[in-house]
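All residue numbers in this chain count up from 1 along the given sequence.
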Amino acid sequence: MDNMRRRDCKLYVVLITIAIVAVAINLSGYHDPPRDSCYCGDSIAEAYTLGCEYDTLASAWLPQHCIDKELTAEFDRSGDGPNGTWQYWADYSHQRELTLNQLAGLAEVPGAVYFTSSRWHVVHCIFYWRKQMRLPQTGVTLEPRYNHEGHAKHCGMIFQHPNLGSQAGVVLNSNGI
């Protein structure tokens, strides 16, 4: 009988410990974002906490499961700037060039936009269609910001009028349309 009591007592201690740990994790507020979410918080500091990084192809802060790193690296080498890079500017007349850190930082400036070449916009659309086609092989989550017919229509317009110029913004939350 004493052996059964000891065993039951040990079992209760283990169950209570598991319950305490579960409550502590829940109260800490930390939760991994769901795999279908491409949310990176409300600030760059929170984005870093969530394991997000700035993705030039998306023009957004994204969690790792939303980034096709191989495709983004290829995109970054497909530019019309020096050595295949892309150039980004703070102004329409392309006088004040932005570094990638400055570009990524625009996520915290409400309403901020940047400017780049018309070719950037065309190539962005091509690479997003490639990203979508690669999903079965890569397992990457396509962010809702681009995963809808409206973005395909937008890209169709860009292909029909490729000299419109390009203006874009940087976001932390790619779940919105």
Side-chain angles (χ1 to χ4, degrees), residues 25 28-81 83-90 97-159 164-177:
I25 288 171
S28 74
Y30 177 78
H31 300 284
D32 283 331
R35 291 276 309 162
D36 63 345
S37 174
C38 294
Y39 176 73
C40 281
D42 295 316
S43 68
I44 292 172
E46 186 177 358
Y48 279 123
T49 300
L50 293 170
C52 298
E53 65 183 66
Y54 181 70
D55 183 280
T56 52
L57 173 58
S59 188
W61 287 82
L62 296 175
Q64 300 302 309
H65 65 267
C66 296
I67 300 173
D68 183 332
K69 288 184 182 276
E70 182 181 314
L71 197 62
T72 295
E74 184 182 341
F75 175 78
D76 288 341
R77 296 187 306 269
S78 300
D80 49 12
N83 300 313
T85 61
W86 293 108
Q87 293 176 284
Y88 305 95
W89 292 276
E97 192 165 356
L98 296 170
T99 66
L100 287 180
N101 283 338
Q102 290 170 322
L103 185 66
L106 292 177
E108 290 190 326
V109 182
V113 295
Y114 66 89
F115 300 86
T116 188
S117 65
S118 299
R119 185 169 183 276
W120 180 94
H121 215 148
V122 169
V123 175
H124 159 85
C125 286
I126 291 168
F127 273 71
Y128 253 88
W129 279 333
R130 287 182 60 199
K131 183 175 181 177
Q132 189 172 19
M133 298 281 67
R134 292 162 53 100
L135 295 178
Q137 290 79 37
T138 63
V140 168
T141 299
L142 187 63
E143 58 274 31
R145 179 182 184 201
Y146 294 125
N147 193 15
H148 59 91
E149 186 182 12
H151 189 251
K153 286 181 177 180
H154 165 79
C155 286
M157 183 197 68
I158 294 300
F159 291 145
L164 288 177
S166 187
Q167 170 183 319
V170 176
V171 300
L172 288 160
N173 181 3
S174 285
N175 284 344
I177 294 178

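Aromatic ring centroids of W86 and Y114 lie 6.0 Å or more apart.
The two atoms that bring I67 and V140 nearest to each other are O-CG2, 3.6 Å, heavy atoms only. I44 approaches A104 most closely through the heavy-atom pair CD1-O, 3.7 Å. Heavy atoms only, all atoms of each residue included: L57 and D55 are closest at N-OD1, 3.1 Å. Smallest separation of non-hydrogen atoms from S78 and F127: OG-CZ, 3.7 Å. Scanning both residues, S37 and C66, for their nearest heavy atoms gives O-SG, 3.6 Å. Closest non-hydrogen pair, G41 versus L50, comes out as N-CD1, 3.7 Å.
The local environment of CD in E149 is sparse, with at most 12 non-hydrogen atoms from other residues, nucleotides or ligands closer than 6.0 Å. Within 6.0 Å of atom CD in E97, more than 12 heavy atoms from other residues, nucleotides or ligands are found, so the atom counts as buried in its surroundings. Within a 6.0 Å radius of OH in Y48, other residues, nucleotides and ligands contribute 12 heavy atoms or fewer.
The aromatic rings of H124 and W120 lie parallel to each other, with less than 30° between the two planes, well short of the 60° mark.
Between the side chain of N175 and the main chain of C38, a donor-acceptor pair closer than 3.5 Å is present. A donor-acceptor pair is defined here as one N or O able to donate and one able to accept, closer than 3.5 Å; such a pair exists between the side chain of Q64 and the backbone of G51. Here the side chain of R145 pairs no donor or acceptor atom with the backbone of V171 at under 3.5 angstrom. Counting only distance, with no hydrogens or angles, the side chain of R130 and the backbone of I126 share no donor-acceptor pair below 3.5 Å. Between the H151 side chain and the P144 main chain, no donor and acceptor come within less than 3.5 Å of each other. With hydrogens and angles disregarded, a donor-acceptor distance shorter than 3.5 Å links the side chain of T116 to the backbone of Q87.
Atom-to-atom distance recorded for Y146:OH and S174:OG is 6.5 Å, nearest 0.5 angstrom. The CG atom of L135 lies 8.0 Å from the CE atom of M133; values are rounded to the nearest 0.5 Å. The line from CG of L62 to CG of N173 is 10.5 Å long, rounded to the nearest 0.5 Å. Note that the CD atom of E74 and the NZ atom of K69 stand 16.0 Å from one another [nearest 0.5 Å]. L103 CG to L98 CG: the interatomic distance, rounded to the nearest 0.5 Å, is 6.0 Å.
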Inset, instruction - Just do the side-chain contact (heavy atoms from CB on, under 4.5 Å) check on N147 and Q132 with the steps written out, would you? - result: CA-CA 8 Å; N147 193 15; Q132 189 172 19; 3.8 Å; yes
Inset, instruction - Could you walk me through whether D76 and T85 pass side-chain contact (heavy atoms from CB on, under 4.5 Å), step by step? - result: CA-CA 6 Å; D76 288 341; T85 61; over 6 Å; no
Inset, instruction - Could you go through the side-chain contact (heavy atoms from CB on, under 4.5 Å) check for V170 and W61 one step at a time? - result: CA-CA 8 Å; V170 176; W61 287 82; 4.2 Å; yes
Legend entry - Stepwise side-chain contact (heavy atoms from CB on, under 4.5 Å) check, Y128 with C155: CA-CA 10 Å; Y128 253 88; C155 286; 5.9 Å; no
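Side-chain contact check for S166 versus S118: every heavy-atom pair is 4.5 Å or farther apart. In this structure, D42 and L172 have side chains that are not in contact, with every pair of non-hydrogen atoms separated by 4.5 Å or more. At a threshold of 4.5 Å between non-hydrogen side-chain atoms, the residues Y88 and L100 count as touching. You'll find the side chain of L142 reaches within 4.5 Å of the side chain of K131, heavy atoms only.
At a cut-off of 3.5 Å, with distance as the only test, no side-chain donor of T138 or D68 sits close to an acceptor on the other residue.
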